[in-house]
Amino acid sequence: MGLNKQSGNMYPFVTHTWNPIRGRCPHQCCYCYMKRFKVGNLRLEEKELQTNLGNSNFVFVGSSTDMWAADVPSEWIQKVLEHISKYNNTYLFQTKNPIRFLKFLSYFKENYILGTTLETNRDYNITKAPEPIERWMAFMQLNKYSIRRMISIEPIMDFNLRDFLCMLRDIRPEFVSVGADSKRNNLIEPPPEKIKQLIEHLKSYTNVIIKDNLKRLLD
Ligand code: SF4
């Protein structure tokens, strides 16, 4: 597969995706778009470690499975981080198990952005990943380091406005991306006014990316 040019409902700034670790994601989120595909067991594709990642790209590493899940061997992650360090790109990592980032702090450079997904502040039991409050607590530990951070609120689910706003502000993210469930998985979604209040507040202190798929919930 190698380096893939970005297409589809991704972040607008991402130029490429690269998936050296593939297979069935242990988190098994009920809304996962990868559920449609036969992806096999979790594995490191060693041949991907020969991929030329180019220069000045914005690469989302691990867009098809959560390469930071607890079941992923540290050795695989280490090999991926060693490979990307040879190329001068901006890299985005996103996980629902951000505590794993803390074990690899020495690898992260100023052109790396670490992200976590917080669909809501509530636990709806829709994934085997750590619940949102655990992700938040782990991600908060990155505040001690000068590491770039982002939050993905996608697919957005109903939340407690005040609590969620406090959680998000405490993280001090460089940007927040807000999107909705594209595949209509019958998630519990917030009303338009609540989403608008959330976005308005976020805009007062950070950059907000509003994904096209959110329009369905704002009308
Ligand atoms: S963490 Fe991401 S890749 Fe893994 S099951 Fe959930 S949505 Fe899919």
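Fair warning: this is a prediction, and the values are worked out from it, not measured in the lab. Starting from 1, each residue takes its place in the sequence as its number.
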(message) What I'd like to find out is whether the side chain of Arg22 reaches to under 4.5 Å of the side chain of Val39, using heavy atoms alone.
(response) no
(message) side chain to side chain donor-acceptor pair (under 3.5 Å) for Gln94 and Tyr11? Distances and angles first, verdict last.
(response) CA-CA 12 Å; Gln94 193 176 309; Tyr11 300 119; 2.5 Å; yes
(message) Between Arg100 (side chain only) and Val72 (backbone N and O only), is there a donor and an acceptor less than 3.5 Å apart?
(response) yes
(message) Any heavy-atom pair between the side chains of Asp212 and Lys215 that's under 4.5 Å?
(response) yes
(request) Give a yes or no answer on whether the side chain of Gln141 reaches the backbone of Leu102 with a donor-acceptor pair at less than 3.5 Å. (result) no
(message) Within the structure provided, determine whether Phe101 and Ile147 are in side-chain contact (heavy-atom separation under 4.5 Å).
(response) no
(message) For a 4.5 angstrom cut-off between non-hydrogen side-chain atoms, does Leu53 reach Tyr91?
(response) yes
(request) Decide yes or no for Ile156 and Leu187: does some side-chain heavy atom of the first lie under 4.5 Å from some side-chain heavy atom of the second? (result) no
(request) Can you measure from NE2 (His16) to CG (Leu92) and round to the nearest 0.5 angstrom? (result) 14.5 Å
(message) Which residues pass the ring-ring contact (aromatic ring centres under 6.0 Å, His included) test with Trp18, not counting sequence neighbours?
(response) His83
(message) Quick check on the hydrophobic clustering: are Leu168 and Leu214 connected, directly or via other members, by side-chain heavy-atom contacts under 4.5 Å?
(response) yes
(request) Using the side-chain contact (heavy atoms from CB on, under 4.5 Å) rule, take Lys96 and Cys29 through it: C-alpha gap first, then chi angles, then the decisive distance, then the call. (result) CA-CA 10 Å; Lys96 292 192 179 85; Cys29 307; 3.5 Å; yes
(request) Determine the minimum heavy-atom distance between Thr65 and Arg24, stating which atoms define it. (result) OG1-C, 4.1 Å
(request) State, to 0.1 Å, how close Met157 and Tyr124 come at their nearest heavy-atom pair, and which atoms those are. (result) CE-CD1, 3.4 Å
(request) Go through the steps for Lys211 and Asn213 under the test side-chain contact (heavy atoms from CB on, under 4.5 Å), then give the verdict. (result) CA-CA 5 Å; Lys211 302 275 290 280; Asn213 60 17; 3.3 Å; yes
(message) Applying side chain to side chain contact (heavy atoms under 4.5 Å, CB included), can you list everything that pairs with Asn207, at least two apart in sequence or on another chain?
(response) Phe175
(request) Could you check Tyr31 against Glu119 for side chain to side chain donor-acceptor pair (under 3.5 Å), going step by step and ending with a plain yes or no? (result) CA-CA 11 Å; Tyr31 55 75; Glu119 310 94 323; 2.5 Å; yes
(request) Indicate the atoms forming the closest heavy-atom contact of Arg43 with Glu45, along with that distance. (result) NE-OE2, 2.8 Å
(request) Keeping the roles fixed (side chain from Thr95, backbone from Thr116), state whether a donor-acceptor pair exists under 3.5 Å. (result) no
(request) Write out all pairs satisfying ring-ring contact (aromatic ring centres under 6.0 Å, His included) with one or both partners inside residues 38-67, taking only residues at least two apart or from two chains. (result) Phe13-Phe58
(request) Would you check if there is a donor-acceptor pair between the side chains of Tyr87 and Asn89 at a distance under 3.5 Å? (result) no
Pair up each side-chain donor or acceptor in residues 190-198 with any protein partner under 3.5 Å, not counting sequence neighbours, and list the distances.
unit_1, atom_1, unit_2, atom_2, d
Lys194, NZ, Asp158, OD1, 2.7
Lys194, NZ, Phe159, O, 2.4
Lys196, NZ, Leu218, O, 3.4

(message) Can you confirm whether Ile77 sits close enough to Met67 that some side-chain heavy atom of one is under 4.5 Å from a side-chain heavy atom of the other?
(response) yes
(request) Report whether Phe164 and Ile210 are members of the same hydrophobic cluster (ILVMFWY, side-chain heavy atoms less than 4.5 Å apart, transitive linking). (result) yes
(message) If we ignore hydrogens and angles and just use 3.5 Å, is the side chain of Thr127 paired with the main-chain N or O of Ala129 as donor and acceptor?
(response) yes
(message) Determine whether Leu3 and Asn57 satisfy the following criterion, side-chain contact (heavy atoms from CB on, under 4.5 Å), listing intermediate values before the conclusion.
(response) CA-CA 10 Å; Leu3 195 61; Asn57 293 318; 4.1 Å; yes
(message) Checking Lys128 now: which residues fulfil side chain to side chain contact (heavy atoms under 4.5 Å, CB included) with it, not counting sequence neighbours?
(response) Gln28
(request) Evaluate the side-chain contact (heavy atoms from CB on, under 4.5 Å) criterion for residues Glu48 and Val80: first the C-alpha distance (whole Å), next the side-chain angles of each, then the deciding distance (0.1 Å), finally the verdict. (result) CA-CA 9 Å; Glu48 288 291 343; Val80 170; over 6 Å; no
(message) For a quick test of reading the model, state the closest non-hydrogen atom pair linking Tyr33 to Ser63 and the distance between them.
(response) OH-O, 3.0 Å
(request) Is it possible for you to say whether Ile133 and Leu165 belong to one hydrophobic cluster, with membership spreading through side-chain heavy-atom contacts below 4.5 Å? (result) yes
(message) Rounded at 0.5 Å granularity, tell me how far CD1 in Ile188 sits from OG1 in Thr120.
(response) 9.0 Å
(message) Going by side-chain hydrogen bond (donor to acceptor under 3.5 Å, both in side chains), name the residues that satisfy it together with Thr90, two or more places apart in sequence or in a different chain.
(response) none
(message) Applying side chain to side chain contact (heavy atoms under 4.5 Å, CB included), can you list everything that pairs with Glu46, at least two apart in sequence or on another chain?
(response) Leu44, Leu49, Lys79
(request) Would you indicate whether the side-chain heavy atoms of Val61 and Ile21 approach each other to under 4.5 Å? (result) no
(request) Can you sort out the partners of Ser64 under side-chain hydrogen bond (donor to acceptor under 3.5 Å, both in side chains), two or more places apart, ordered by chain and number? (result) Asn19
(request) Could you tell me whether the side chain of Arg149 reaches within less than 4.5 Å of the side chain of Ile113, counting heavy atoms only? (result) no
(request) Mind listing the closest non-hydrogen atom pair of Ala69 and Asn97 along with its distance? (result) C-ND2, 3.8 Å
(message) Using the ring pair (Phe, Tyr, Trp, His ring centres under 6.0 Å) definition, which of the options Trp68, Phe104, Phe139 pairs with Phe93?
(response) Trp68
(message) Count I, L, V, M, F, W, Y as connected when their side-chain heavy atoms are under 4.5 Å apart, and connections chain through other members. Are Leu118 and Leu161 then in the same cluster?
(response) yes
(message) Suppose the criterion is side-chain hydrogen bond (donor to acceptor under 3.5 Å, both in side chains): which pairs have a residue in residues 160-177, not counting sequence neighbours?
(response) Asn121-Asn160, Arg122-Asn160, Arg148-Glu174
(message) I'd like to check the side chain to side chain contact (heavy atoms under 4.5 Å, CB included) partners of Lys109; sequence neighbours left out, ordered by chain and number.
(response) Ser85, Asn111, Tyr112
(message) To the nearest 0.5 Å, what is the distance between CD1 on Ile199 and CD1 on Ile209?
(response) 12.0 Å
(message) Testing the 3.5 Å rule here: is there a donor-acceptor pair between the side chains of Asn125 and Glu131?
(response) no
(request) Verify the cluster assignment for Ile151 and Met137: are they in a single hydrophobic cluster under the rule of side-chain heavy atoms below 4.5 Å apart? (result) yes
(message) Filter on side-chain hydrogen bond (donor to acceptor under 3.5 Å, both in side chains), then keep only pairs touching residues 183-192, sequence neighbours left out; what's left?
(response) Asp181-Asn185, Glu189-Arg216
(request) Please name all residues satisfying side-chain hydrogen bond (donor to acceptor under 3.5 Å, both in side chains) with His27, sequence neighbours left out, ordered by chain then number. (result) Asp66
